[in-house]
Amino acid sequence: MMLATARLAAIRAPTATAPRTAVALGGRRFLALQDTLKGKESVEEERYIRKMEHNAYLRRKAKEDAHAAEMEKNAEDTEFKSDSDAAIEELFGILAGTGDKISDMGIEKIAKWKLGKD
């Protein structure tokens with residue numbers, strides 16, 4: 001009987017610990033794989049966040065550039081308008097002195113020609 005018990009214990013001992021050992025080794029491999037995937041996932045998240053921040057910067061920059069260009073154009077238009085008004089007043093003064101008549105469109109064309117914007 002003692003021999004049967006010893007044999008039974010000898011058979012059960014390796015089979016009882018073998019699954020636990022396999023699970024532990026598989027668990028370690030799984031954890032290592034999980035850590036690797038987590039690292040890759042965080043790198044991809046950081047890359048995605050940087051890309052989104054860069055796209056937001058480009059949109060903001062384009063908006064600022066468009067606004068600056070519009071302000072510059074408005075400043076140029078205002079300057080041209082004031083110069084044009086001065087030239088038109090001068091032409092009306094000359095025409096009033098000579099008694100000649102020119103259409104409003106003709107006067108605007110002459111003013112643009114005089115300012116070199118034609």
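Because the structure is predicted, anything quoted here is derived from the model rather than measured.
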K.L.:
Not counting sequence neighbours, which residues clear side-chain hydrogen bond (donor to acceptor under 3.5 Å, both in side chains) with Ser103? List them please.
P.N.:
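Partners of Ser103 under the side-chain hydrogen bond (donor to acceptor under 3.5 Å, both in side chains) test: none.
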K.L.:
Could you tell me the separation between the CD1 atom of Ile49 and the CD atom of Glu44, rounded to the nearest 0.5 Å?
P.N.:
12.0 Å
K.L.:
Who else is in the cluster with Phe92 when I, L, V, M, F, W and Y are joined by side-chain contacts under 4.5 Å?
P.N.:
Ile88, Leu91, Leu95, Ile102, Ile107, Ile110
K.L.:
Applying salt bridge (Lys or Arg N to Asp or Glu O under 4.0 Å), can you list everything that pairs with Asp85, at least two apart in sequence or on another chain?
P.N.:
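Once residues adjacent in sequence are excluded, the partners of Asp85 under the salt bridge (Lys or Arg N to Asp or Glu O under 4.0 Å) criterion are Lys81.
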K.L.:
Just to verify, what does Lys73 make a salt bridge (Lys or Arg N to Asp or Glu O under 4.0 Å) with, not counting sequence neighbours?
P.N.:
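Result, salt bridge (Lys or Arg N to Asp or Glu O under 4.0 Å) vs Lys73: Asp77.
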K.L.:
Show the numbers, then the answer: is there a side chain to side chain contact (heavy atoms under 4.5 Å, CB included) between Lys112 and Glu108?
P.N.:
CA-CA 6 Å; Lys112 284 183 182 178; Glu108 287 178 11; 5.5 Å; no
K.L.:
Using side-chain hydrogen bond (donor to acceptor under 3.5 Å, both in side chains) as the criterion, list what pairs up with Asn74, not counting sequence neighbours.
P.N.:
none
K.L.:
Find the distance between CD (Glu46) and CD (Glu53) and round it off to the nearest 0.5 Å.
P.N.:
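It is 10.5 Å, given to the nearest 0.5 Å.
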K.L.:
By the salt bridge (Lys or Arg N to Asp or Glu O under 4.0 Å) test, which pairs, at least two apart or in different chains, include something from residues 54-63?
P.N.:
Lys61-Asp65
K.L.:
Under the salt bridge (Lys or Arg N to Asp or Glu O under 4.0 Å) test, which residues partner Glu90, sequence neighbours left out?
P.N.:
Lys114
